[in-house]
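Down below is the structure, laid out as structure tokens.
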Amino acid sequence: MKQKRDLKLVAALFAIAIVWGTTYLGIRIAVHTIPAWFVAGLRQVVASAVLLTILLSKGQFKWIGWKSLGRQILVASLMIIVANGMTTVAEESIPSGLTSLLTALSPIIVFLASVAFGLQKASLKGFIGVIVGFCGVAFIFRDGIGDLLDPNYKTGVTYLAMAISGWAAGTIYTKKYAHKSENLFLDLFYQFAYAAVAQLIIAALVSSSTNVSQWTWQSLMAIVYLGVFGSVVGFFCYNYALKRVSATEVSILSYFNTIIAIFLGWLVLNETVTYDLLIATVLIILGVFITNYKKPEG
């Protein structure tokens with residue numbers, strides 16, 4: 001039984017790395033013709049519709065109570081509206097490489113916050129693992145680090161900083177304070193539904209252009225992909241893993257997301273894969289190994 005649970009955890013972690021590694025490409029395609037906040041909101045409309053269908057088919061849809069709803073609204077505000085929403089907006093103005101680099105700061109923030117809130121003990125091994133993994137990401141984009149000083153990217157970098165902070169805070173809250181749910185799909189439905197309404201209201205208020213006739217089918221299909229896989233599959237696996245391993249161990253998968261995003265660039269956009277990428281991959285895998293390695297008992 002324990003082995004089956006371990007296999008489920010490995011599958012969840014693998015799914016997180018693969019699915020969220022593809023979301024950078026999906027977002028870039030979506031925001032090409034659709035305003036960012038509409039992309040973010042419609043993504044959650046798709047996600048909540050999928051979950052509602054599943055819940056109704058299983059007879060599991062129900063009211064969760066105001067106290068539980070309050071928790072779902074808080075988590076959704078941090079991890080979906082702020083983190084996902086701001087990341088989507090940021091990708092309108094800054095390169096995907098820079099986005100990946102800055103997002104890779106998240107495991108370091110989560111690690112430090114986990115130590116501060118008593119979720120895990122401070123360890124040299126954990127700190128070294130996170131730093132080594134980040135160095136791998138930084139190595140890939142070392143030529144573009146100077147972009148941080150580009151005034152044209154100032155707004156995008158600010159949005160991304162807010163996104164990283166929201167994601168880290170949401171991860172810590174979920175790990176420390178959220179009650180263990182008997183039905184994760186039900187909780188996620190309320191999170192996605194609330195986020196969809198909030199983000200579409202924001203979109204209506206801040207989007208300068210809402211000419212639907214200019215939205216391409218490629219962008220619309222990207223939204224469907226983001227809703228089904230980026231939201232439903234990704235968030236389910238993330239929350240499943242978060243209940244079983246430390247917040248740092250789950251968040252460090254963002255390093256693999258960067259690698260996957262780059263390989264997708266090679267596969268879809270015919271971008272060149274260099275020796276730099278191979279060196280960075282080794283550093284990233286080494287960082288993940290150091291953070292997660294535990295000596296065999298006995």
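Side-chain contact check for L9 versus R244: some heavy-atom pair is nearer than 4.5 Å. For the pair Q72/L188, no side-chain contact is recorded, criterion being any heavy-atom separation below 4.5 Å from C-beta on. The side-chain heavy atoms of Y190 and W63, taken from C-beta on, include a pair separated by under 4.5 Å. The closest side-chain heavy-atom distance from W215 to L42 is below 4.5 Å. Put simply, the side chain of V82 does not reach to within 4.5 Å of the side chain of W167, judged on heavy atoms.
Defined by atom type and a distance below 3.5 Å, a donor-acceptor pair is present between the side-chain atoms of T22 and Y225. Between the side chains of T216 and S219, at least one donor N or O sits under 3.5 Å from an acceptor N or O.
If you take CG on L78 and CG on N84, they are separated by 11.5 Å, rounding to the nearest 0.5 Å. Here L13 contributes atom CG and Y240 contributes atom OH; the two are 9.5 Å apart, rounded to the nearest 0.5 Å. The distance from the CG atom of N183 to the NZ atom of K62 is 7.0 Å, given to the nearest 0.5 Å. Atoms CZ and CG, on F236 and D187 in that order, are 11.0 Å from each other to the nearest 0.5 Å. Note that the CG atom of L52 and the CG atom of L186 stand 10.0 Å from one another [nearest 0.5 Å]. Atoms CG and CG, on L184 and L51 in that order, are 9.0 Å from each other to the nearest 0.5 Å.
The neighbour count for F189 CZ, taken as heavy atoms of other residues, nucleotides or ligands under 6.0 Å away, is above 12.
V39 is not connected to M221 by any chain of hydrophobic side-chain contacts under 4.5 Å among Ile, Leu, Val, Met, Phe, Trp and Tyr, and they are in different clusters. Both W66 and Y173 sit in one connected hydrophobic cluster of ILVMFWY residues. Membership requires side-chain heavy atoms under 4.5 Å apart, directly or through other members. Tracing side-chain contacts under 4.5 Å through hydrophobic residues (I, L, V, M, F, W, Y), one reaches V206 starting from M86; they form part of the same cluster. L25 and W217 fall into different hydrophobic clusters, where Ile, Leu, Val, Met, Phe, Trp and Tyr are joined by side-chain heavy atoms under 4.5 Å apart, directly or via other members.
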Step by step, would you call Y238 with T171 a side-chain hydrogen bond (donor to acceptor under 3.5 Å, both in side chains)? CA-CA 9 Å; Y238 189 81; T171 296; 2.8 Å; yes
Verdict with supporting geometry, W37 and T88, side-chain contact (heavy atoms from CB on, under 4.5 Å): CA-CA 7 Å; W37 280 111; T88 304; over 6 Å; no
Using the rule given for side-chain contact (heavy atoms from CB on, under 4.5 Å), can you reason through F14 versus V19, listing the C-alpha separation, both sets of side-chain angles and the distance that settles it, and then say yes or no? CA-CA 9 Å; F14 184 75; V19 170; over 6 Å; no
Could you walk me through whether T87 and Y159 pass the side-chain contact (heavy atoms from CB on, under 4.5 Å) test, one step at a time? CA-CA 7 Å; T87 298; Y159 287 147; over 6 Å; no
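Taking both residues in full, the closest heavy atoms of G166 and A83 are given as C-CB, 4.4 Å, listed atom of the first, atom of the second, then distance. Listed here is the closest heavy atom pair of F192 and S231: CZ-O, 3.5 Å. Residues I172 and A113 approach most closely at CG1-CB, 3.8 Å, considering heavy atoms. The two residues I16 and A241 make their nearest non-hydrogen contact at CD1-CB, 4.2 Å. Across A40 and G85, no two heavy atoms sit closer than the pair CB-CA, 4.2 Å. The shortest non-hydrogen separation linking S48 to A193 is CB-N, 3.9 Å.
For S68 (side chain) and G65 (main-chain N/O), no donor-acceptor pair under 3.5 Å exists by modelled atom type. With hydrogens and angles disregarded, a donor-acceptor distance shorter than 3.5 Å links the side chain of Q199 to the backbone of I80. Of the possible polar contacts, one joining the E92 side chain to the A36 backbone as a donor-acceptor pair under 3.5 Å is found. A side-chain donor-acceptor contact under 3.5 Å links S57 to the backbone of I54. Of the possible polar contacts, one joining the R43 side chain to the L226 backbone as a donor-acceptor pair under 3.5 Å is found.
Test I29, I34, V31 against I223 for side chain to side chain contact (heavy atoms under 4.5 Å, CB included) and you get one pass: I34.
For W20 and F229, the distance between ring centers is not under 6.0 angstrom.
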